[in-house]
Amino acid sequence: MNNIEEKYRLLARELTGELNSKERDDLEQELNQDEVLGRKHHSLKVFWHKFFPQVKQHSRDRILTSTMKQIIGVQDIKRPKMAVWYSAVAILVVALGVSLAWSFLSTGSTELIQYVANAGEVKKVVLPDGTKVDLNAGSTLVIQEGFSTDKRQVILMGEGYFDVVKDVKKPFEISTSHLKVKVLGTRFDLKAYANENQITAVLDEGKIQLDGDFNQQQPVYLSPGHEAVFDKQTRELKVQKQQQSQSEEWRNGRLVFYNHTMTEIARILERRFDTKIIILNDEVKNYRFSGDFSEAQLFEILGYLSAARPFSFETSGEYILISN
């Protein structure tokens, strides 16, 4: 099981008591094979049972579990019902980890408001404080009701371009799976998809502070024209001159590649065309391409790319298989 979202889904379902026998066997197998996942599993269970006692069985009926399609993938929603909130909290805890989830939930609000950009769309959101956010395809933004009253805290799973309203007394904080971004008033792009190995922040205006589990012991500050790239596997955070701004393109619905690997392109195409792509060969994964494909459809794009660097592609059920 290589899909991190599926692992998260199983962990969340276990926390809420929803695993069936097959899922329980699958999760047990994953825990035996993945030492890191096993350690995370233990800390999650301890945290969950201490702070979130089990609800009654009938309250868990029809609990929200399909949300892992987007980590918390539902349409714009505001649901105060305990069962839905309980399940959403489970997913937040699994996706973000104990410390980040608890810092977000410790304000005491039991109502989560979620904004989702579905596959193939860019969603424009205006938050209660006036902050504007463009969400890229396959992204979710979560806030709590009344978030602008005391603290301005949000959770991002995916990619968003933020134009934050300045408020010195209420810093704006964004939590992702591995990094927390703190700002006063600024414009920047933050990319933190669960199924990608890197989290990237690109600053256009203002100043942002980055905190998290990375190699530096102190917070890192980003200035305009620079980008921070965090590697989830090595825990390294690198700050460098901005190579090429791409946020304006995706915000306007354009599809442009700048020396992207085939792996990166596959993830982008999945979100744009709501499909699943599997690359069978490591050589093909490392192919690189550049070009503007804004007007092309999925199989046109694959045809153009395969003409530039030879590979074959075919459909198999809901998947597109790519090989050399």
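Quick note: numbers below take in every heavy atom, side chains included, and nothing from hydrogens, waters or symmetry partners.
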Please check if atom NZ in Lys232 has more than 12 non-hydrogen atoms from other residues, nucleotides or ligands closer than 6.0 Å. yes
Are a donor atom and an acceptor atom from the side chains of Gln198 and Asp231 found within less than 3.5 Å of each other? no
Could you give the distance from CG (Leu210) to NZ (Lys182), rounded to the nearest 0.5 Å? 12.5 Å
Once rounded to the nearest 0.5 Å, what's the spacing between atom OH of Tyr319 and atom OG1 of Thr275? 10.0 Å
Ser323 and Val284 have their tightest heavy-atom pair at C-CG2, 4.2 Å
Side chain to side chain, Val183 and Gln209, heavy atoms closer than 4.5 Å: no
Identify the residue among Ile199, Leu156, Leu190 that makes a side-chain contact (heavy atoms from CB on, under 4.5 Å) with Leu179. Ile199
Is it the case that the ring center of Tyr161 lies less than 6.0 angstrom away from the ring center of Phe188? no
Whether the side chain of Ser139 engages the backbone of Leu135 through a donor-acceptor N/O pair (distance < 3.5 Å, no angle test) should be reported. no
Between Thr131 (side chain only) and Val165 (backbone N and O only), is there a donor and an acceptor less than 3.5 Å apart? yes
Are Ile113 and Val142 close enough that some pair of their side-chain heavy atoms sits under 4.5 Å apart? no
Describe, in one word, how the ring planes of Tyr258 and His260 are oriented to each other, choosing from parallel (under 30°), tilted (30 to 60°) and perpendicular (over 60°). tilted
State plainly whether the residues Lys180 and Asp211 are in salt-bridge range, i.e. N to O under 4.0 Å. no
For Leu141 and Gln114, what are the C-alpha separation, side-chain angles and deciding distance, and is it a side chain to side chain contact (heavy atoms under 4.5 Å, CB included)? CA-CA 6 Å; Leu141 186 72; Gln114 307 170 67; over 6 Å; no
So is Arg271 actually on top of Tyr193's ring, under 6.0 Å and inside 45° of the axis? yes
Could you tell me whether Lys207 sits above the aromatic face of Tyr221, with NZ or CZ closer than 6.0 angstrom to the six-membered ring centre and within 45 degrees of the axis? yes
Does a salt bridge link Arg254 with Asp292, judged by any charged N lying under 4.0 Å from a carboxylate O? yes
Take Glu196 and Lys191, measure what salt bridge (Lys or Arg N to Asp or Glu O under 4.0 Å) needs, and give me the verdict at the end. CA-CA 9 Å; Glu196 294 189 357; Lys191 184 178 181 182; 3.7 Å; yes
Flag this pair as yes if the NZ/CZ of Arg152 is under 6.0 angstrom from the six-membered ring centre of Phe172 and inside a 45 degree cone about the axis; otherwise no. no
Are more than 12 heavy atoms from other residues, nucleotides or ligands located less than 6.0 Å from atom CD of Glu248? no
Between CG on residue Asn259 and OG on residue Ser290, distance to nearest 0.5 Å: 5.0 Å
Kindly indicate whether the side chain of Phe257, heavy atoms from C-beta on, has any atom under 4.5 Å from the side chain of Ile268. yes
Do Phe289 and Met262 have side chains that get closer than 4.5 Å, going by heavy atoms? yes
State plainly whether the residues Arg267 and Glu270 are in salt-bridge range, i.e. N to O under 4.0 Å. yes
Is a donor on one side and an acceptor on the other found under 3.5 Å between the side chain of Thr261 and the backbone of Asn286? no
Among Gln240, Lys241, Lys238, find the one that has a side-chain contact (heavy atoms from CB on, under 4.5 Å) with Glu227. Gln240
Leu222 and Leu203: which non-hydrogen atoms are nearest, and at how many Å? O-CD2, 3.0 Å
Lys/Arg N to Asp/Glu carboxylate O, Lys22 vs Asp26, below 4.0 Å: yes
Got Thr263 and Ile279 here, is their nearest side-chain heavy-atom distance under 4.5 Å? yes
Could you check whether any side-chain N or O of Gln33 sits under 3.5 Å from a backbone N or O of Glu30, counting only pairs where one atom can act as donor and the other as acceptor? no
Student check: side-chain heavy atoms of Thr200 and Asp189 closer than 4.5 Å: no
Do the non-hydrogen side-chain atoms of Tyr115 and Leu127 ever get within less than 4.5 Å of each other? yes
Could you tell me if the side chain of Leu237 sits less than 4.5 Å from the side chain of Val229, heavy atoms only? no
